[in-house]
Each structure stands twice: as C-alpha cells, then as structure tokens.
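To keep things clear, I will list the structure first and then write my remarks on it.
The chains referred to below are lettered A, B, ... by the order of the sequence lines, with proteins before strands, and numbering in each begins at 1. Please read all numbers here as calculations on a predicted model, not as lab measurements.
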Amino acid sequence: AQSSVTMFGVVDATLSHYANRSETPLGVAVTTSSTGQNSGGYASSRLGFRGTEDLGGGAAAGFWLEAGLLNDSGAGLGAGGGLAFNRRSTISLSGVLGEIRLGRDYTPTFWNDAVADPFTSNGVGINLIATASGFNSPGQVANGFQGNPNYLRASNSVGYFLPPNLGGFYGQVMYAFNEANKYDPGGLTPDVPNSQRAGRYVGGRFGYTKGPLDVAVAGGRSTIGDKFFAGTTSVIDIWNVAVTYDFDLVKLFGEYSNNKTKTFFSAIPPLPNAFGFTSPGANGALIGATVPVGPGLIRVVYTEVKYNNVAALNQVIPGLAPNPKSEKLALGYVHNLSKRTALYGTVARIDNTNGADLTVGGPAFYTKAVNGSVPVPHSSTGYDVGIRHVF
Amino acid sequence: AQSSVTMFGVVDATLSHYANRSETPLGVAVTTSSTGQNSGGYASSRLGFRGTEDLGGGAAAGFWLEAGLLNDSGAGLGAGGGLAFNRRSTISLSGVLGEIRLGRDYTPTFWNDAVADPFTSNGVGINLIATASGFNSPGQVANGFQGNPNYLRASNSVGYFLPPNLGGFYGQVMYAFNEANKYDPGGLTPDVPNSQRAGRYVGGRFGYTKGPLDVAVAGGRSTIGDKFFAGTTSVIDIWNVAVTYDFDLVKLFGEYSNNKTKTFFSAIPPLPNAFGFTSPGANGALIGATVPVGPGLIRVVYTEVKYNNVAALNQVIPGLAPNPKSEKLALGYVHNLSKRTALYGTVARIDNTNGADLTVGGPAFYTKAVNGSVPVPHSSTGYDVGIRHVF
Amino acid sequence: AQSSVTMFGVVDATLSHYANRSETPLGVAVTTSSTGQNSGGYASSRLGFRGTEDLGGGAAAGFWLEAGLLNDSGAGLGAGGGLAFNRRSTISLSGVLGEIRLGRDYTPTFWNDAVADPFTSNGVGINLIATASGFNSPGQVANGFQGNPNYLRASNSVGYFLPPNLGGFYGQVMYAFNEANKYDPGGLTPDVPNSQRAGRYVGGRFGYTKGPLDVAVAGGRSTIGDKFFAGTTSVIDIWNVAVTYDFDLVKLFGEYSNNKTKTFFSAIPPLPNAFGFTSPGANGALIGATVPVGPGLIRVVYTEVKYNNVAALNQVIPGLAPNPKSEKLALGYVHNLSKRTALYGTVARIDNTNGADLTVGGPAFYTKAVNGSVPVPHSSTGYDVGIRHVF
C-alpha cells in the first residue's frame, strides 16, 4: 500500500485557574478552586491521520482518524487513558451526489453550537449550552434536564452530506445505531434498563452561506434511556439556529438552542405524568463578536442557559417555582505569531441563579451543609492563558 | 534519527446484521439479533508504522508496529480501549540465511487458517475453525474443547523465517515465552494455577509454492493451563494443511485443521483420566473458491467444525454421545473501485447440531429455560455490506 | 494545516534473564527468576511525532509527542495499556532568551542520573539510584525512604531552558503543578491525604561543557505526601552532580546523588519526631567507563545506593542499626551494525546488605518465612542480549 497519509494535529497548552463560589442563604460563601497547566484552552489538542483517493469521475474515497490528547500529561482520551480516535474515525465515499460517511463523527446538532461560538467550543469562554449538555443539571435527580451522551459526537453512524456546489446551500443528515441486542419473542428480553433503544441518534442540519452571511438550522433526537418492560423511551430533542455575519471590522455571532427531554409511553402513561412531568428542558442563547486587531483577534461573548420544567412543582402548574438560569460573560484575545502558532488569553464569569450549577471549569461547587445551612451554586470565574500550535 | 517510516493502514466499515436462533426440544424458537455499523467486514481496520534499513551485504534491519482499531467508535484494541500495537510489534534482522524476528506476531499455525480462507479470516464468512478457536465451545465446562489464547498471535516470541529464494520452499518457526516467575526450591512456588507453564507457544510452518499452486503444513503446541502442585499441564496441539490452486477463471481453496486439547500428568494420572478424559478436540475443514468477474470477485465457502470427545460419555466409550458439529455456507462479492478501495457484501449461515454453538457474529444464543424447556443453539445467519479502504 | 511532522522512534527487543536470591539467617537460599523476551534493554522503545516552526527573528514554536511502548507485546504505557505520550508531551516557544516548555517532560534532577550512566538508564546495568527512586525500599513501612512518583518525569509542568550559546554553560528550571482542588474556607477541605500538596515538583539543573568535559549539578523537591488537617507535608529533596570526561580511548562517568525524605509540620511536631524521625534517605554513587572498540563499545559500571535513617532506631541515635546498602557491577558490549541498528549484551549483579532489596529486574525477592525463618534479600543477577533499532 503506497502511503498517502497526512498527519496533522494541534498541541495547545494553557495555564488555567477556576474558582467556583457557592453561598448559603445566610450569605456564607464557600469557594472551590484549582490552578494548573491544562490542554486545549483555545483548540482541542489532537493527532490525526487522513487521506483521500481519487476514484475518477469526480468520485473519491477518504478516511479520517483523529485522536484527542491531553498534552499536559500525554494521556489519550480512550476509555483507559490511551490514544483512541475518539474525535473522528470515518471512511467516506463522495461524488457529484454528495458524500456518504460511516463511523464516529460530530452530530449535526452540535455544529451550530460550535460555529456560532467565537470561542469555538473550547476553554473558559465556551458556549453555555455545550456546558449544560455535557453535564447533568442539579435538578436531574428530580426528573431534571439531563446531559446528552451523543451531544458532541456519535459512534456507529451513517451520514450523508450534500455536495458542495449548491449555490451556497449545504446540509447533512446522520443516523447512529445503538447496536442493541434484540430478543424474539420480545418477552425474553432481559430487564436491563437502557439496553434496547438508548444510544440512538438521528439528526440533520441545513444552511446557507453567501458572502459575509452564514445561517444554519439543525434538529436531532438523541435516545438517552429506555425501559423495555415499562414501555418507556426517553429522548432529548434538540433544534437550534446559528447565524454569523462578517462585517470585516467585526464579525457577529448568534445562536438559539432548544433542548427538551421527553419520555414516551407505549402504554397509557401513569397519572403523574399527565401534567407534562417528563419534559424538562434547557434553552441556550449566545451573542458574540470577534474584532480583528492587526495579527490579533478580540473575542467577546454573552451566553446563557435557561432551564424549564426541572422542578416537579412547575410540571403541575408552570411558573410556580423559579427556573434555574446561568449567564456567562467571556472576553478573550488571540495573538497570532503565525498562521499555525498563537498566544491567547480568556477570562470568563458565570452567574448561576435558582439552582443552576454550571461552571467555567475546575472542581464542583461545594454543596454540603455548613453549620446546618446548605450553600447553593453561585458564581464561577476562570481564565486561560496559553499557546496553540497547529501542525 | 532520519525518519524512514512508512505509515499504512486499513479503514473498513460495514453495516452488519446477525440473527442467532436457538430451539427448545418442543420446537419453540428464540432468536437473538443485532444490527449495527461495525468495523472490518472485509479486512481488519488498522494503523501501522514500519521501516527497513539496508545494513549492506544482503543484511537488513526492520521494524513493524501495527495497531488494530475499531473505526465505528474510534477505539483501539489495547486492554483499556486505547491504541496498542496488538496486531504486530516486531523487530527483525534478516540476511541470506533468513530472518530472525522478535516480539508479537502471528503464530505459524494461524497462517493456514487465513490463506486458505477466501474471506481471509474476516466478517461473517470467516473460516469456522477460527471461530471455534477464538471462543469456548459449549462443552467447555465439562472438559470440552477450549479456545486458544495464542491461536492468532503470540507475544514475547522469537521467530525464524527461511530466506525467500529456496525454489518455492518457504518456512518459519516460532517460540513464545510465557515469562513466568520461577521459584527455587520449587516447593515455594505459590499455588496459583496457570502461573508456571501456561502461555508458552511453539510451532512451525513449511510450504511450497510454484505457479498456481501453494501448499503448506503447520503444527504447533499452545500451553493453555497448568497446576504446579498437581503436576498437570494442558496444551492445545494443532496441525493443519492448506492448499490453494489458481486456475485463473477460478481459484480453489482447501484446508484441514486438527486441534486437540491434552492434559499431561507428571505423576500417575488419576483413574477417570485413564479413559482419554483429557483429549477433547475440534477439527475444521474448508473448501472454497473465488471467481474474478471484471473488477469484482465472487467468493464462496463451505466450512465446518466437528468436535470430538467433548462429552464425558464419549471419553469412556467413544461414539456413545453424538458429537457437536457446525457447518457454514458463505457467499460474497467484492467490487473493486480501485486497488485500494472496494465495496463488498457477504451473507453467511451456520447450522449447529448436537450442542455446537458457533455464530457468524452478534449476541450469544439464548439458552435459558423457556416454559421449563431449554433452547439449544440452532442456526446463525448474518450479512456484511461495507467499504474497505487501504492506505 | 500543512504537515511538517517528523516521526521517530526506537524498537529494542531483548532476551533477558533475572535471578533474585534471598537467604535465611540459617543460610537457606530461595531464588526467584524469570526469562523472557522483553523490550528496551539498551534504549526504551518508543514512537514519537515532533516538529518545529520558524517564527522569524530567531524565534520558533515546537511540539514533541513521544509514546513509550513494549514491543514484546505491542502494549502502550498509558494507564490502560494503550499508547499515550507518557515519555514526553510538550509545546515550546524558543528564542534568543531561551525556551519556555509546557507539558509532560523529564525532571531536571533525573538528567544527571542518566547522562552519567554508561547504560543510559536502561536494562540490567542501570544506575542504582534510578532503581531505588522508582521503587519503595524495604524500610518504607517503618518511615523508610520512599520512591518518588515524579522521579523521572512530571506532568503539568512549566519549564525554562537557557539559550544554547552561553559559552558552554547550560541550564533549566521546572515547576510542575499538582492541580489540587482548594477549599476556602480551608476548614471545609475533605480529609483526604495527599490531595492538597502532593504531586508538586520544583527543580533545576545547571552545567558546563567544553571539549571532553561535561559537568552538571541539579537540585529539586518533589512533594510526595500531605495531610491537610495534621498540617504535614512530605517531600523528597534531591541534589546530584554528574561528570563525564572523554579521553577518546576511554570515556569516564561519575555521579553522586543525595536523596532525603523530609516531613514538615505546620504546627509543633509531635515528640518522637524531634529526633529527626522524618528524614530517611538514599544516596547513590556511580563510576563507570566506556571504551570504543572499532564499531563497538565496552561499557562498565560500579554503582551503589546507601540508605540512611531508614531504621527507627537510627533516628534516635544514629549508627545504632546497620544501614541497608546495595552495590552493583555491570559489564556490557554494544556492537553497532550501523548508526541506527546495534546488537548488545549486558550482565549485572547486585549485592544487597542489611535489608536493601534492589534487583536488576524480574520477580521480587522471596521474603516469606521458610521453616520459621525469614529469608532476606541477598543478590540479584541478570543479563540482556538484544537488538536496538532507531528510526
């Protein structure tokens, strides 16, 4: 086999500090914090191998194997700390009709969260809906909004991409198998939750770009749980819209993302659920801007996440309990030493209200009782100062 | 160090379906099945690095590091799901007298199972003796034939290969250390089973190829168990013979493989074993053909595995109990888009009798009681439809 | 991203034997031994990727990702047996003022142990202080000298290197973060030992090289333990000095290394510690030589480790109990087939006295009672015979 592989990657190292402050109703503050030398404050560190083969007639075959890495310790991001092609691992066949892609890849619904984020989903400035989707919210125990295991990427997927020459229109769809073991007759299925439907993902994204404008909508459903014998299936439904407009002097970014957890019943739902008990959600919004300054780039973002229906009370009579909310302000500067090497700095602050507990990074909020009073998550602040090198 | 490394690999993605049917004596059928986007239906996905250095006088040094990967999820095949050079990891010194090779490599006895298999040991069409050797048979609990941990490859090995210019004759031998901790005096050896001799492999393969003919015999012994204080050592002895003949219009494949589990006693064996209690085996056979059709290749195989002496009854008076048997029929087509990229499809069906439980893939047979009657493994069917790209 | 990566590596395979003999006071000897096909007898096997980018004005950016590997089994050295860039994983910015380096790298204090070792810290001939620092000594349970988790390398580090053109002077400093979670107020810190200060490393190394002479001193502190509420912090303090002098016909090597475990008390130390209870140590020394012989190199080393204050008795009145001591003699020959490929052989023997238990490799000494008498570690012998290939 004649080698035609391109090696590529990113090594990004940062000095980071995070401080997460919770407060008791009596105003006693507890702060957890950490400082360290971390990875990927501007762009996720990675090592990849990719190649394409021209098959003639406009057709091509290609592969893409991309492994994440933590260059502060050298660890990979496979299950056991070894290198694995967890970022992307695909084989493609493409032609005039578009591209078929199989393997592990980004979900269509994630793209809008990233392209509309001046901090491109990395570091302390990251889009808040990404933070909320990757981790469980505080209300999770009481039927709250729940993180999405297929938020960012999905394994075992089949994707289709429209061809590139459609007058500015672009689009993709993806289906990811859960690869569950099926039993026939179904009555013999073992009573193991999340073994039959959980893990599936289906979604799509369509957009239009012309000159300075880029706008796209995406929607998807990620199956996050099931109980075969109870006849229930839980999903997260996502739709979002992202817009960027480049005025040269300044580029503007905006996104709205709607995320809702739903549980479907194959039988008549039990009484308590008739009140919409099963649809807690989290809606994200972001507005941001980047301003080129010589070889540098100023980046600024306001992003928020509003939870809804996470309190059991609100699922009976909406509005009875206040909804949790997180708001983040982030400001950064990137100084490009070359096209491949950049220094960067970012500061960010999150304010959580009504029980929201998102952070910019670092240790969890302190929520154990102090003198009989339980502190609730309040603010999270942090910074990254680092260097990113692309190869 | 001047770099002289060749990167190479395979990315192979397939949509696969498996259905495994067991039946109770009363004719109640239970089918377990799965569908998914998997890896390696035609050729095992991998990423490798290799190089050779000319040392002058016909001598050369070389290395070969080859990692398996699951491109459906990006995972590696190391113990913890990370990349590891589990497929091959060797250093060689070669010259006019042949090649010395150290490290992890294929066993000589495996080669015949692969070269005589039109499906080259991958996907649903794979040679049945490979399936039987990689997994335990149902009789395993009652002294049945047991899978061989060093069936495919062995670590810690030293190998020797005959030089290539011997008028068509070729050959290799391999010894793999078990690297056990020894104690002197031996009476202090901890009473831990499989700590003293298990893990060793010794084997060899010799063949002749001329024009359309290729024939090879191989034999080996894999030490699979020991009890130091009981004085027992268990081995699997393998010998096999493979023939291929290429008539241009059709290439024929044939193999016979004899596998026997033996237990040796350093003291007088206890009574029950005097009846040959300890030599259950599995014999495999394969006949197959490939037919080139333009840029494509039709592949067809009949392969079977017959177990013997796996029932305790047969070890007293052979023939008393019926021997388990598996038979497989597989048919496939490969369409080469180029030398490096191919589309492929394979269908296969296994029929198991007398308790054999081999599958073409997917979940295990259902063997728990249904209404008081226990289903036994019956048939296994499946298909792969995929794309393979070599780089 | 235009690829500019250099792939490099080492594959080193050896046949090794180790025999470790302990003796009871009555002279009964117990030997544990092993033989196998191992990796890295001359140089550690590895696979790496590195590159540099010229930023103009004498400045450059660079990265270095280097993974250790065990080519006898193909395993990587990540936590779960997968490949990880555990050997070095850094990004650098360099210029006329020197180099800033972030990530995982060698500690400055380790360098002297390696450059003054004719066996370059590999195989059975390795510098004894490396053996003592990587493993716990027998007295460890009774406040003995303890191995140093950051002996060889440290993650999460920030390093600075002097520029290369200082008339023969060179130097580096390193600080490695422990990345602990801090609590404010501190009284809420969970009572988990080694969660607050353990893991930190700080050190430096300065040297001078001119013609045949190379001399360097290094010092460092590695924080190996802490108890937040007891107010204790345990460190290993290291200083060492290495000299090499190349007389052409023979190159001489010498090193002295001083290692001391100390425990600091933020409150008044409890009484028993007033006697220096907390400063057990291990001091290493090495003298060696290499003699070029045509394409070969003879290597010979005497190296020893003397423990001090490891017996509780000696911490009250020094000299009451005899101090453990290990002495090693090693002899080797390297035959270079080319600049990249070499054959090598090494034999080594360690004599342990007064309870020291260092080995050249292989299984631990047998120290369980035999007929009511406990054997103590005595001698360890072993050899490596192998081949090393650099690419």
Under 4.5 Å, heavy atom to heavy atom: which of residues 366-384 of chain B reach chain A? Give them by number, or say none.
Tyr366(B), Val370(B)

Applying a criterion of heavy atom separation less than 4.5 Å, what residues of residues 60-71 of chain B form contacts with chain A?
Leu69(B), Leu70(B), Asn71(B)

Will you find, in the side chains of Glu53(A) and Ser338(B), an N or O donor that is under 3.5 Å from an N or O acceptor?
yes

Determine, step by step, whether Thr32(B) and Asn181(A) satisfy the side-chain contact (heavy atoms from CB on, under 4.5 Å) criterion, reporting the C-alpha distance in whole Å, the side-chain angles of both residues, the deciding distance to 0.1 Å, and the verdict.
CA-CA 7 Å; Thr32(B) 58; Asn181(A) 291 344; 6.0 Å; no

For Leu102(A) and Ala13(B), the nearest pair of non-hydrogen atoms, with its separation, is CB-CB, 3.9 Å

Exercise: identify the closest heavy-atom pair between Ala75(B) and Ala84(A):
CA-CB, 4.1 Å

Contact origin within Ala29(B) toward chain A - heavy atom pairs under 4.5 Å:
backbone

Under 6.0 Å from the NZ atom of Lys227(A), do we count more than 12 heavy atoms belonging to anything else shown?
no

Does atom CG of Leu188(A) have more than 12 heavy-atom neighbours, drawn from other residues, nucleotides or ligands, at distances under 6.0 Å?
yes

Which atoms of Ser157(A) are under 4.5 Å from chain B, going by heavy atoms: the side chain, the backbone, both sets, or neither?
backbone

Please tell me if the side chains of Leu93(A) and Leu337(B) come closer than 4.5 Å, counting only heavy atoms from C-beta onward.
yes

Do Leu47(B) and Phe85(A) make a side-chain contact, defined as non-hydrogen atoms from C-beta onward lying under 4.5 Å apart?
yes

In sequence, state the C-alpha distance, the side-chain angles, and the governing distance for Thr341(B) and Leu55(A), and then conclude on side-chain contact (heavy atoms from CB on, under 4.5 Å).
CA-CA 9 Å; Thr341(B) 305; Leu55(A) 296 173; 4.2 Å; yes

Nearest 0.5 Å please: distance from the [atom1] atom of [X] over to the [atom2] atom of [Y].
X: Phe177(A); Y: Asn38(B); atom1: CZ; atom2: CG; answer: 9.0 Å
X: His389(B); Y: Thr90(A); atom1: NE2; atom2: OG1; answer: 10.5 Å
X: Phe8(B); Y: Phe49(A); atom1: CZ; atom2: CZ; answer: 12.0 Å

Residue selection (most heavy-atom pairs with chain A, distance under 4.5 Å) from Ser33(B), Ala19(B), Ser16(B)
Ser33(B)

Selection from Gly36(B), Gly386(B), Gly76(B) maximising heavy-atom pairs under 4.5 Å formed with chain A
Gly36(B)

Greatest number of non-hydrogen atom pairs under 4.5 angstrom with chain B, of Gly78(A), Ser155(A), Ala154(A), Gly81(A), falls to Ser155(A)

For chain B, the option from Ala59(A), Ser89(A), Gly56(A) that forms the most heavy-atom pairs under 4.5 Å:
Ser89(A)

Do side-chain atoms of Glu179(A) reach the backbone of Thr35(B) as a donor and acceptor pair under 3.5 angstrom?
no

Start with the C-alpha gap between Asp12(B) and Ile91(A), add the side-chain angles, then the distance that decides, and say whether side-chain contact (heavy atoms from CB on, under 4.5 Å) holds.
CA-CA 7 Å; Asp12(B) 179 324; Ile91(A) 180 169; over 6 Å; no

